[in-house]
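One structure is given below, encoded as structure tokens.
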Amino acid sequence: MNLLHNLNPEQLAAVTLPSQSALILAGAGSGKTRVLTTRIAWLIQTGQVSPAGIMAVTFTNKAAKEMLTRLSTMLPVNTRGMWIGTFHGLCNRLLRTHYRDAALPQSFQILDSQDQLSMIKRMLKAANVDDEKYPAKNLMYFINNAKDQGLRADKVEAYDPIERKMVELYALYDQQCQREGVVDFAELLLRAYELLSRNTPLRQHYQMRFKHVLVDEFQDTNDLQYNLLKLLAGHNEGMGGVIFAVGDDDQSIYAFRGANVGNMQAFERDFRVQNLIKLEQNYRSHGHILDSANFLIANNTKRLGKNLRTDAGQGEPVRIYEASSDLEEAQWIIEEAKSLMGEGVARSEIAILYRSNAQSRVIEHALFAAGIPYTVYGGLRYFQRAEVKHAIAYLQLMDNPHNDSAFLRVVNFPTRGIGVRSIEQLQMAADTYGISLYAAVPYMTGKAGTSLGAFVKLVEGARFETQQLALPEMVRVVLERSNLLTHYANEKEGADRIENLEQMVNAATQFVQEEGFGQFAPAHLGPPSQAQVGDAVVYQDGIEILDADAPLPSVMSPLSAFLSHASLEAGDAQAQAGQDAMQLMTVHSAKGLEFDAVFITGLEEGLFPHESSARELDGVDEERRLMYVAITRARKRLYMSFTQQRMLHGQTRYNMKSRFFDELPEEALKWLSPRVQSHWFANKKAPNAWDDAAFRNAGSDNKIAQQLTQKSGSSSSGWRIGETVAHAKFGEGVIVNIEGGAGAARAQINFGPSGIKVLDLSVAKLERVSR
DNA sequence: GGAAAGATATTTTTT
DNA sequence: ATATCTTTCC
């Protein structure tokens with residue numbers, strides 16, 4: 001079978017590049033994943049590298065899985081042992097293998113964001129810190145931010161007393177984590193980075209091993225991730241590691257969580273990239289859609305530069321609708337969606353996108369009322385649910401009793417008469433001796449001592465009893481001994497929770513099978529020693545290196561592995577009923593997906609671009625990239641909508657239409673509601689709200705528009721709240737409020753950049769812009 | 001220990 | 001409007 005079959009010239013060039021670092025600028029829908037996986041397969045097939053010499057990094061488990069699946073269809077190799085995974089997954093593997101060198105306990109556990117926050121709250125309380133002045137969330141952000149930049153507390157520069165205190169608390173937090181044997185997400189990466197940078201033989205070992213490092217979504221890397229990659233490639237040591245980075249600066253939408261697009265330019269410079277390949281052939285969208293995307297994104301400066309092209313025809317125009325309210329916007333979406341489904345478009349091929357989650361509600365209501373099946377992306381994932389986290393906490397305590405977060409979560413759940421008072425005492429004892437809560441239990445006396453002692457016995461008993469058991473049975477026993485099942489059985493609404501708990505046995509079974517734990521030593525042998533596995537233990541300069549060919553089961557117990565898995569892979573959201581349903585999601589979560597038809601909703605100033613983006617450096621550029629991502633999700637049909645009036649935080653808001661409309665090519669658009677001319681004011685043209693030609697051209701589409709057009713009344717002044725008007729000095733604005741009766745009416749008008757003005761309607765010269 | 005009332009915050013998200 | 005967290009009261 002020929003791997004290179006059906007690749008276009010750019011793709012082919014990228015796949016078959018010589019062994020040098022390269023940057024692949026891969027536009028939306030340009031076959032990025034295909035190039036990445038084919039490159040790996042090609043390198044292996046041509047004998048340039050063995051599967052063990054490859055590392056491929058992604059950001060999400062989904063992307064990693066996708067890569068593995070595709071790779072195994074291309075090559076007859078066992079992908080299980082390969083180093084393909086997320087940054088966090090691979091760092092976890094590295095740290096498990098070298099836990100001693102990384103100064104971690106063998107069964108260290110991973111805190112998810114929830115655990116991290118609760119741990120910080122606890123720490124603030126214990127340290128008697130004013131949580132008004134130092135909110136736990138801020139501190140968490142501060143700590144993660146520092147770690148994402150590779151900075152320990154002693155390296156963070158503090159410029160004021162507040163920051164100095166935060167740094168102090170950061171140090172305290174790290175100490176506490178170390179004491180408990182837990183690491184947060186950022187710590188996984190930072191630890192791995194420090195491990196490799198301090199331990200030269202180890203670093204060199206991996207540098208020699210990974211001849212080719214491939215990185216997906218490179219524009220999303222943060223500073224720490226980039227530095228880690230540099231380290232692995234032996235960038236400063238002439239180790240000749242080769243990085244194949246694939247990314248798209250135009251789709252960089254995660255600056256808010258530390259992603260640094262600048263890494264792309266830095267990479268080009270640092271690695272003297274001679275091979276910059278642009279994948280600009282788009283295989284997804286029709287012409288008008290692609291033109292819209294190209295036009296829009298051209299408004300961003302600081303681009304590496306890229307223009308997508310397609311062989312598909314122009315296709316349908318992008319349809320735009322101005323609704324009178326959010327409710328009516330939802331109504332319109334449903335009408336259009338129904339007509340699409342009438343044309344044979346599957347429900348699951350229709351996506352409704354919004355900038356923020358709060359917008360989904362109205363749409364959901366409308367869909368529900370119309371009886372159309374839909375699924376909302378996001379929401380609680382399986383391993384995040386309270387009952388599942390409780391069960392996990394018992395397992396965590398059995399594997400590492402010093403995890404205080406786990407301890408506190410279940411010490412009195414289900415209730416066993418251990419109240420706040422007892423916990424306070426216990427906490428004090430733990431603080432006094434600098435030990436974990438679990439370890440402090442023996443110091444407790446009296447009634448508290450008895451009940452806490454009973455809890456410890458419960459955990460120890462469960463551990464003892466399950467020593468001989470395989471993971472799924474172990475889970476089963478824990479569910480029963482913890483009394484979680486009985487507890488929820490007595491609850492009114494406990495049925496779903498019980499089901500989720502039972503589900504955990506299946507999750508464990510599946511995990512054991514997929515990760516190959518079944519064929520290795522059962523749990524009662526404990527984690528197999530390296531000698532038992534006998535797999536490539538290398539000694540260099542007295543430092544023991546378990547070669548990473550050793551699969552996961554040889555470096556950790558099934559339980560530890562399962563707990564890692566629960567933290568690193570939170571699982572799916574709702575048990576998705578397999579039925580054909582419309583897809584609702586934020587623009588962010590739509591990244592990487594594609595649909596036949598896409599609705600981009602709420603295109604209003606303040607919402608999209610979001611108002612908070614105005615405050616951030618290059619914030620609007622990022623919003624524009626977000627819009628670019630949204631547009632490029634669509635294959636055949638694209639709809640955009642905005643509304644004059646919308647409920648937000650319990651208040652009615654009147655927003656202007658999004659500036660992004662002015663950045664789209666007119667000839668690709670079809671305004672379904674009476675046309676709002678762009679830039680008419682700047683061009684000194686008369687407003688022509690009722691563009692008759694456009695209206696007539698709208699044809700059948702407009703039946704819906706007409707039906708839905710708001711008929712509700714204008715005020716006695718002749719103007720209506722929500723209406724867009726133009727003023728000679730202030731430009732376009734939206735009427736936010738009208739005060740006073742006929743004759744003496746004044747209007748509050750939001751002119752966006754010029755602010756909100758109160759104008760006397762009998763004096764001010766206003767022009768209608770729409771309707 | 002748990003329900004009820006009051007306070008608070010509300011962009012985007014993965015690991 | 002609403003969800004979530006905190007305080008207050010039985």
Identify each atom pair where a protein N or O and an N or O of nucleotides 3-8 of chain C are less than 3.5 Å apart, giving names and distance.
from, atom 1, to, atom 2, distance (Å)
dA3(C), OP1, Arg361(A), NH2, 2.6

- Item | C1' gap between dT6(C) and dT11(B), integer Å | 25 Å

- Message: Can you check the distance between dT12(B) and dC5(C), where both ends of the measurement are the P atom (answer in whole Å)?
- Response: 16 Å

Residue-phosphate contact under 4.0 Å: [X] side-chain N/O, [N] OP1/OP2:
| X | N | answer |
| --- | --- | --- |
| Asn357(A) | dT11(B) | no |
| Ser567(A) | dT15(B) | no |
| Asn412(A) | dG1(B) | yes |
| Arg381(A) | dT15(B) | yes |

- Shortest non-hydrogen contact between Tyr354(A) and Ile363(A), atoms and distance: CD2-CD1, 4.3 Å

- Considering all heavy atoms, the nearest Tyr173(A)-Leu111(A) contact: OH-CD1, 4.1 Å

- Are side-chain N/O atoms of Asn263(A) and Thr221(A) paired as donor and acceptor at under 3.5 Å? yes

- Would you kindly say whether Ser612(A) and His610(A) are connected by a side-chain donor-acceptor distance under 3.5 Å? yes

- Query: Is the base of dT11(B) touched by the side chain of Ser612(A) through a donor-acceptor pair closer than 3.5 angstrom?
  - Reply: yes

- Item | dT15(B) base / Ser113(A) side chain donor-acceptor hit below 3.5 Å | yes

- Query: Does the distance from a Lys or Arg side-chain N to an Asp or Glu carboxylate O, for Glu514(A) and Lys65(A), drop under 4.0 Å?
  - Reply: no

- Query: dT12(B) P sits how many Å from Tyr377(A) OH, rounded?
  - Reply: 18 Å

Under 3.5 Å between N/O atoms: give me all the protein pairs with nucleotides 3-6 of chain B, atom names plus distance.
none

- Query: Taking for each residue the nucleotide of DNA chain B with the nearest heavy atom, is it Arg416(A) or Leu626(A) whose nucleotide lies nearer the 5' end?
  - Reply: Arg416(A)

- Find the distance between CZ (Phe218(A)) and CZ (Phe267(A)) and round it off to the nearest 0.5 Å. 5.5 Å

- Item | Mutual orientation of the aromatic rings belonging to Phe256(A) and Tyr254(A) [parallel < 30°, tilted 30-60°, perpendicular > 60°] | tilted

- Do any N or O atoms from the side chain of Asn227(A) and from the backbone of Asp223(A) form a donor-acceptor pair under 3.5 angstrom? yes

- Query: Just checking, Arg152(A) and Tyr170(A): is the charged tip under 6.0 Å from the six-membered ring centre and within 45° of the axis?
  - Reply: no

- Item | Aromatic stack His610(A)/dT11(B): centroid gap under 5.5 Å, interplanar angle under 30° | yes

